[in-house]
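Working notes, structure below.
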Amino acid sequence: MADMDAFRDEIARWAAGGAGDTAAELAAGLGLRTAVLLEGPSDLAAVQALAAREDRDLTAEGVAVVSMGGAMSVGRYAGLLGPPGLGLRLTGLCDAREEPFYVRGWHRAGAARDFHVCVADLEDEMIRALGPARVEEVIRSEDELRPWQTFLAQPAQHGRPREQQLRRFLSTKKGRKIRYGSLLVEALDGGRPPAPLADLLAGL
């Protein structure tokens, strides 16, 4: 895991304008063949949690799961990791509104289109897969019932669908989306994950 973490750090430095020699050496040492490009760390947490649930070691399979820090970075990361750079096969997961960035990024990298699109975002997909009641159970198990109730009492939340309220709540505290990225996958309890996430893992 340390080597994969080091690889992710080197890719981030390379994307920020640094040299790519160390990233290339780490990729070769890890035997990487595929890069999964994700918008942010909450998506990374969900993918890692689902892989663990399926008893898969993605690093051992030659798969690097990379959080880019935003969809607008996809062109840069696709170029570095895909055919123009390390020559890895590219796949990924994105929100529907960010799909054009992915389309352009894949095209500019000369990579075959191979990514999966969430209707709104992965949190929305997970909430619909679990159902609001199950998500609220997870919130309760995390001792966040009081913050959740305080959030619901806000005038801006009155009359909104429960799914939208839950999705917004997950974004109201730093680090919460990342934590719930894995918690919601674990809450599936053997049920099928949302199609974009399930299809991503199935294709690796």
Taking the side chain as C-beta and beyond, is there a heavy-atom pair between [X] and [Y] under 4.5 Å?
X	Y	value
E144	Y180	yes
R168	L166	no
L200	F115	no
R140	W148	no

[X] [atom1] to [Y] [atom2] distance, which is reported to the nearest 0.5 Å:
X	Y	atom1	atom2	answer
E142	R179	CD	CZ	5.0 Å
L170	I127	CG	CD1	5.0 Å
E125	D43	CD	CG	11.0 Å
L26	M4	CG	CE	9.5 Å

According to a hydrophobic-cluster definition based on side-chain heavy atoms being under 4.5 Å apart (Ile, Leu, Val, Met, Phe, Trp, Tyr only), do [X] and [Y] belong together?
X	Y	answer
L145	L184	yes
V135	L122	yes
L86	V36	no
V117	Y77	yes
V47	I178	no

Salt bridge [X]-[Y], side-chain N to carboxylate O under 4.0 Å:
X	Y	answer
R13	D9	no
E61	R56	yes
E99	R104	no

I need the full list of side chain to side chain donor-acceptor pair (under 3.5 Å) pairs touching residues 187-204, with sequence neighbours left out, sorted by first then second residue.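 Sorted result for residues 187-204: R134-D189.
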Which residues satisfy the salt bridge (Lys or Arg N to Asp or Glu O under 4.0 Å) test with R146, sequence neighbours excluded?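 Result, salt bridge (Lys or Arg N to Asp or Glu O under 4.0 Å) vs R146: none returned.
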Apply side-chain hydrogen bond (donor to acceptor under 3.5 Å, both in side chains) to residues E39 and Y102 and explain how you reach the verdict. CA-CA 10 Å; E39 293 185 39; Y102 272 60; 4.9 Å; no
Distance-only side-chain donor-acceptor flag, Q164 / R167, under 3.5 Å: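 There is no such pair (donor and acceptor under 3.5 Å, judged by atom type) between the side chains of Q164 and R167.
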Go through the steps for K177 and E123 under the test salt bridge (charged side-chain N to carboxylate O under 4.0 Å, His left out), then give the verdict. CA-CA 8 Å; K177 274 183 69 171; E123 289 74 29; 3.7 Å; yes
Over-ring placement of R176 relative to F169, 6.0 Å and 45° cut-offs: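 Yes; both conditions hold, so R176 lies above the ring face of F169.
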